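Here's the structure, in structure tokens; my notes come after.
Bear in mind that the values here come from a model prediction, so they are computed numbers and not experimental data.
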Amino acid sequence: MGKKIFAVGMVCLLALSLVGCYEYRGPYTKADVKEYLTRRYPDETIYIQQKGIQTWDGWFGELPDAVFQVWVGRGGGDPVPMFYSRLVSDEAEVIPAYYLEQYQKEGGSLDAWEWGNKILDTQYTSIADTIPALEQLSAFFTWIEGKPLAQMMPKGQYKFQPELPWRTYSPQFHSFQEMVFHGPQDKPEAVREALEDSVKKYYAFYCLPCDGFSQTELEEYAMRTWPWTSKPSVRQGDNFLSSELLEGVGLESSVISYGGLYTLLTRLDFDVKGTAEHFTVTGADGHFYEFSYDFWEEREIDWTNNQTITLPVWYHLRDGYPVGVEGETSWFYRGPVINLNAGWNIDNHNGYFHFYMPFREITGLSVSWDSNKPVS
């Protein structure tokens, strides 16, 4: 018996390596479909009608015109790639789409939004971009309130897509789409505040002018957001740098932006020429540096499944020589930023490779993340 089980298992594993193991648990009946839907919606009256072989139409008693489908799908496969049949349905897409269509037939507008993949979606780069989207979705949620199965309407998501890389975890999109969500229970004022916060954080981090917010507002936001009163500790020689010199310099994922470096060097009385967006300076190491948000080039970088993706990669000039990372996808490596405590090898013009730590060599400061920083 044990040998037979072992043999069957080996056959399954062999088949699995080719097409995977699959167990069909049908045929399914109308009673099975009724049980499946009632289990999901115990308080709703649901009607079912046979549509085809192992397919059915379904609708809720309160929404007879919003007909959805039920069919036999596939489940399993994680973590063991053993698959089996199961009932699936698309009411989570049909009901919201039904309400969106009805709303627009009655004169409501949602042209600032796109509906797809079970979500309402819009993109923005500034607060001005969000105003029509916020007003439209707020009006729609007011309209849908109290309607049958309105709770199936998903939240809207505002995707922030600025020009420079920002907190990227999905390199294929060039930048991480930082999102603000807006649901029926969310007050528009709270959503507006979250949207403003996302915009201010980006522009304050990169030290860029921003339509909709004054320079004073951005600086005040930066002071509140990056006080530098906890970790890391920054030393100039044997002395800790005061938090006043550091506060407001944007620090995200252990990096500061080119604009943040400009601000810090100015506070340290370096002879900095230019603006936060493009400046030159002689570093503490005696080398001449030039930084600009315009210094970038597209590169092909290895990605998953033997694929390559094309991404913008920023660099700076060291004695006129371009210096930048190779083969990195994360924004805190390839973006216009300087890591506080990391470096890489660079060709020192004559074939000699030098381990280069930009922040330390340019500023003369050392950084640690231990817990021995004195209280400011």
Anything under 3.5 Å between a donor and an acceptor, one on a side chain of residues 138-153, the other on a protein residue two or more places apart or in another chain? List them.
unit_1 : atom_1 : unit_2 : atom_2 : d
Ser138 : OG     : Leu134 : O      : 2.8
Thr142 : OG1    : Ser138 : O      : 3.0
Trp143 : NE1    : Glu106 : OE1    : 3.0
Lys147 : NZ     : Trp143 : O      : 2.7

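For Phe160 and Tyr124, the distance between ring centers is under 6.0 angstrom. Ring to ring, Trp113 and Tyr158 are close: their centroids are under 6.0 angstrom apart. A ring-centre distance under 6.0 Å is not found for Tyr103 and Tyr99. The distance between the ring centers of Phe60 and Phe68 falls below 6.0 angstrom.
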(message) Does Arg192 form a side chain to side chain donor-acceptor pair (under 3.5 Å) with Thr130? I'd like the steps, not just the answer.
(response) CA-CA 8 Å; Arg192 170 71 182 240; Thr130 70; 5.4 Å; no
(message) Checking Ser243 against Thr229 for the side chain to side chain donor-acceptor pair (under 3.5 Å) test, could you report, in this order, the C-alpha distance in whole Å, the side-chain angles of both residues, the deciding distance, and whether it holds?
(response) CA-CA 6 Å; Ser243 59; Thr229 52; over 6 Å; no
(request) Could you go through the side chain to side chain donor-acceptor pair (under 3.5 Å) check for Asp347 and Tyr352 one step at a time? (result) CA-CA 6 Å; Asp347 185 343; Tyr352 171 73; over 6 Å; no
(request) Under the side chain to side chain contact (heavy atoms under 4.5 Å, CB included) rule, what do Trp226 and Val249 come out as? Steps first, then yes or no, please. (result) CA-CA 6 Å; Trp226 300 292; Val249 174; over 6 Å; no
(request) Let me see the working for Tyr293 and Trp314 under ring pair (Phe, Tyr, Trp, His ring centres under 6.0 Å), right down to the final yes or no. (result) CA-CA 8 Å; Tyr293 289 140; Trp314 274 257; 8.2 Å; no
(message) Assess the residue pair Tyr258 and Tyr262 against the criterion (ring pair (Phe, Tyr, Trp, His ring centres under 6.0 Å)); give the C-alpha distance rounded to whole Å, side-chain angles, the decisive distance to 0.1 Å, and a yes or no.
(response) CA-CA 6 Å; Tyr258 288 177; Tyr262 170 88; over 10 Å; no
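The environment of Asp211 atom CG is sparse: at most 12 non-hydrogen atoms of other residues, nucleotides or ligands sit within 6.0 angstrom. The number of heavy atoms from other shown groups lying within 6.0 Å of CD (Gln307) is above 12. When the shell of 6.0 Å around CD of Glu114 is examined, it contains 12 or fewer heavy atoms from other residues, nucleotides or ligands. Counting heavy-atom neighbours within 6.0 Å of Glu300 CD, excluding the residue itself, gives a total of 12 or less. Environment of OH in Tyr36: crowded, with over 12 heavy atoms of neighbouring residues, nucleotides or ligands closer than 6.0 Å. Within a 6.0 Å sphere centred on CD of Glu193, other residues, nucleotides and ligands contribute 12 heavy atoms or fewer. Few gaps surround OH on Tyr41; more than 12 heavy atoms of other groups in view lie less than 6.0 Å from it.
Going from atom NE2 of His182 over to atom OG1 of Thr122 covers 12.5 Å, rounded to the nearest 0.5 Å. Rounded to the nearest 0.5 angstrom, Glu328 CD and Ile301 CD1 are separated by 8.0 Å. Residue Glu277 holds its CD atom at 5.0 Å from CG of Leu208, rounded to the nearest 0.5 Å. How far CG of Asp129 is from CD of Gln161: 11.0 Å, rounded to the nearest 0.5 Å. The distance from atom CD of Glu297 to atom CG of Leu311, rounded to the nearest 0.5 Å, is 12.5 Å. Rounding to the nearest 0.5 Å places CG of Leu264 at 11.5 Å from CD1 of Ile338.
Using a 4.0 Å cut-off between a side-chain N of Lys or Arg and a carboxylate O of Asp or Glu, Lys34 and Asp32 do not qualify as a salt bridge. In summary, Arg318 and Glu290 do not engage in a salt bridge, as defined by a charged side-chain N under 4.0 Å from a carboxylate O. Between Arg267 and Glu244 there is no salt bridge, since no side-chain nitrogen of the basic residue lies less than 4.0 Å from a carboxylate oxygen of the acidic one.
The two residues Val199 and Cys210 come nearest to each other via the heavy atoms CG1-SG, 3.8 Å. The minimum heavy-atom distance between Glu93 and Trp115, with the atom names listed, is O-CZ2, 3.8 Å. Closest approach of Ala66 to Ile95, counting heavy atoms only: CB-CD1, 3.7 Å.
Residues satisfying the ring pair (Phe, Tyr, Trp, His ring centres under 6.0 Å) criterion with His287, sequence neighbours excluded, are absent altogether. Phe213 is linked by a ring pair (Phe, Tyr, Trp, His ring centres under 6.0 Å) to nothing, counting only residues two or more places apart in sequence or in another chain.
For the side-chain hydrogen bond (donor to acceptor under 3.5 Å, both in side chains) test with Asp57, the passing option among Gln50, Gln69, Gln49 is Gln69; the others fail.
Using a distance-only test at 3.5 Å, with no hydrogens or angles considered, a donor-acceptor pair links the side chain of Thr363 to the main chain of Leu365. Remark: side-chain polar atoms of Gln136 are paired, donor with acceptor, to backbone N or O of Ala112 under 3.5 angstrom. A distance-only check finds no donor-acceptor pair linking the side chain of Glu101 to the backbone of Ala97 [under 3.5 Å].
Counting only N and O atoms by type, the side chains of Asp197 and Tyr221 include a donor and acceptor under 3.5 Å apart.
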